[in-house]
Amino acid sequence: MLDIKELRENIDQVQSSLLERGYSLDVRKFKELDAERKVLQVNVENLQSSRKKLSEDFGKLKATGEKVDDLKDKIDHLNKELKKESIELDKILESLNALLLDMPNVPHFSSPVGASESDNVVIKKYGTVDASKKVDHLSITKQIDTEMATKIAGPRFALLKGNMAKLQRSLITLMLETAIKNGYEEYYVPYMANRDSLIGVGQLPKFEEDLFKTTEGLYLIPTAEVPLTNIFRNTVVDEDDLPIKVTAHTPCFRSEAGSYGRDTKGLIRQHQFEKIELMQVTHPSHSLDDLDGLLNNAKEILDLLELPYQVVELCTGDLGFSSCKTFDIEVWMPGQSKYREISSCSNFSDFQARRSNIKFKDKNNNKSFAHTINGSGLALGRTLIALIENNYDENTKQIAIPKALQKYFDKNLINID
RNA sequence: GGAGAGUUGGCUGAGUGGUCGAAAGCGCCUCCCUGCUAAGGAGGUAACUGGGUAACUGGUUCGAGGGUUCGAAUCCCUCACUCUCCGCCA
């Protein structure tokens, strides 16, 4: 949510910033609504004030036993007027709020301007790509079974067995242990969340169709960002405690509505996948630096796994709804001969904090909205693909396990039968 | 699932229709007193928000929402959460 005061004062500037990310703000509508709001609100508050005074008089008259009929008529009349005006005001406030909830975050001035994915900027490449490797993970091992999963649940699900299930589990441990080492506190969280929680992070009301909803009205979480961020909803933290770093491993559920035909084979795009999420509540003056730190925490995993990757900065047109600045980490996937997103690290500035009411207080007890940042560290399914495809030796039919992972997997090779 | 109790300011906790944004205590802040400290004394101390350049001035908020009433922390209804007992269960 954007600051309504900022909108009142600098609406043209906000409009042009939002245009950079492809959102056209209806300035006239906003100005009209806010002007109406002002008139109605002042009016309603004046009426409330009069009623308060008259009701007090009423009490006094009654106490002295005088006649109150005339005064009652007067108050009744006033109440009628008040009710009418209040309803009008509520309507305007609701429209104003709906407009505010619909507006995406303003891109940070440092985000590269661009219209789409193709304008994203590659910041740096790491590791060496072995272009001779081209084998797809599904053809390497039968222990990733999407057909069996289709029987059980449907398309866009997967079943891992034996070594693959264990490999994923060891990756989870490696990632969580690394996060903990880097100062994140581990959480176990609900995998379902209520509406308020999803509005808080910016997922609702706009992107309902991307979510799975239960018959009880709860939503399956599309990312651990939802529960982790909502830990802090409606709270005030101490400035001295910032940044607060939290992490969780959860499954993520996404309907993938609108992605029919895309990435239909293998683990790349699933209704359910595992992810380790890194999340921080940070000071507004440090959130950019902290985002760099968080990005490094995610990169560290790829370094530990010795996988080739690149860091890409998203252009304004490709930014997520709540984000003002995002770096994607893309890992090399031999099966596709492409870099694919494996982590997305974003700064939400105070956008989520406003929606979720997350504040910090300074020494003088002054409260301000905090900043929130988060990123994957990492998405498990895609890590599994990258690991298998990059480390598979066609001649020996073996997958090499990187050194850092051996501690958790307790083998240095997987033999494919 | 059944029965009962509760939800008030940073905390504890009073408050059953108007003088209640709310007693008292604790905590915190300022000042006084005492050589320092402790003790003691006086005063202050909720949040959110509108209008206004400002001084200032209005509104809302006692778990949430609705209702009764001229007027609701207080009465009624619905919901959420917490606690106790019973049942069930990993």
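Throughout, a chain's letter reflects where its sequence line sits, starting with A, and its residues are numbered from 1.
- Side-chain contact annotation: Asn163(A) with Lys411(A), donor-acceptor N/O pair under 3.5 Å present.
- Between the NZ atom of Lys52(A) and the P atom of C20(B) there is a distance of 13 Å, given to the nearest Å.
- A cation-pi contact, defined as under 6.0 Å to the ring centre and within 45° of the axis, links Lys166(A) to Phe409(A).
- Between Phe321(A) and Phe351(A), the ring center distance clears the sub-6.0 Å criterion.
- Side-chain contact check for Ser287(A) and Asp290(A): no donor-acceptor pair (N or O, by modelled atom type) lies under 3.5 Å.
- Under the 3.5 Å distance criterion, with hydrogens and angles disregarded, a donor-acceptor pair is assigned to the side chains of Glu274(A) and His249(A).
- Atoms CG (Asp90(A)) and P (G50(B)) sit 16 Å apart, rounded to a whole Å.
- Annotation: C76(B) and U60(B) have their P atoms spaced 24 Å apart (nearest Å).
- Under a 4.0 Å N-O distance rule, the pair Lys53(A)/Asp57(A) does not qualify as a salt bridge.
- Counting non-hydrogen atoms under 4.0 angstrom, Asp57(A) reaches nothing in the nucleic acid.
- In this entry the distance linking CG of Leu89(A) with C1' of G59(B) reads 11 Å, nearest Å.
- Nucleotides G63(B) and A14(B) are separated by 14 Å at their P atoms, to the nearest Å.
- Proximity of Tyr392(A) to Lys397(A): side-chain heavy atoms (C-beta onward) are separated by under 4.5 Å at one or more points.
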Please list, pair by pair, any protein nitrogen or oxygen found under 3.5 Å from a nitrogen or oxygen in nucleotides 76-82 of chain B.
none

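- In this structure the side chain of Ile180(A) never reaches within 4.5 angstrom of the side chain of Thr178(A), judged on heavy atoms.
- Spacing between atom CD of Glu56(A) and atom C1' of U19(B) amounts to 8 Å, rounded to whole angstrom units.
- On the P atoms, U74(B) is 15 Å away from G15(B), given to the nearest whole Å.
- The NZ-C1' distance, from Lys83(A) to C70(B), rounds to 15 Å in whole Å.
- Rounded to an integer number of Å, the gap from CG of Asn46(A) to P of G51(B) is 13 Å.
- Going from the C1' atom of U19(B) to that of G25(B) covers 24 Å, rounded to whole Å.
- Comparing the same atom, C1', in G9(B) and in A23(B) gives a spacing of 13 Å after rounding to whole Å.
- Between the P atom of A46(B) and the NZ atom of Lys367(A) lies a distance of 12 Å, rounded to the nearest Å.
- With hydrogens and angles ignored, a donor-acceptor pair closer than 3.5 Å exists between the side chain of Glu45(A) and the base of G58(B).
- Between the CG atom of Leu82(A) and the C1' atom of C70(B) there is a distance of 13 Å, given to the nearest Å.
- In RNA chain B, stems built from 3 or more consecutive Watson-Crick or G-U wobble pairs, each with both distances under 3.5 Å, span B:1-7 with B:80-86, B:10-12 with B:24-26, B:27-32 with B:40-45, B:46-51 with B:56-61, B:63-67 with B:75-79.
- Using a 4.0 Å cut-off, some side-chain N or O of Lys38(A) falls inside it from OP1 or OP2 of G52(B).
- Taking atom P in both G52(B) and G58(B), the straight-line distance is 16 Å, to the nearest Å.
- One P atom belongs to A55(B), the other to C20(B), and the distance between them is 28 Å to the nearest Å.
- In summary, the side chains of Ser322(A) and Asn105(A) do not present any donor paired with an acceptor at a separation below 3.5 Å, with no hydrogens or angles considered.
- With sequence neighbours left out, the side chain to side chain contact (heavy atoms under 4.5 Å, CB included) criterion links Lys38(A) to no other residue.
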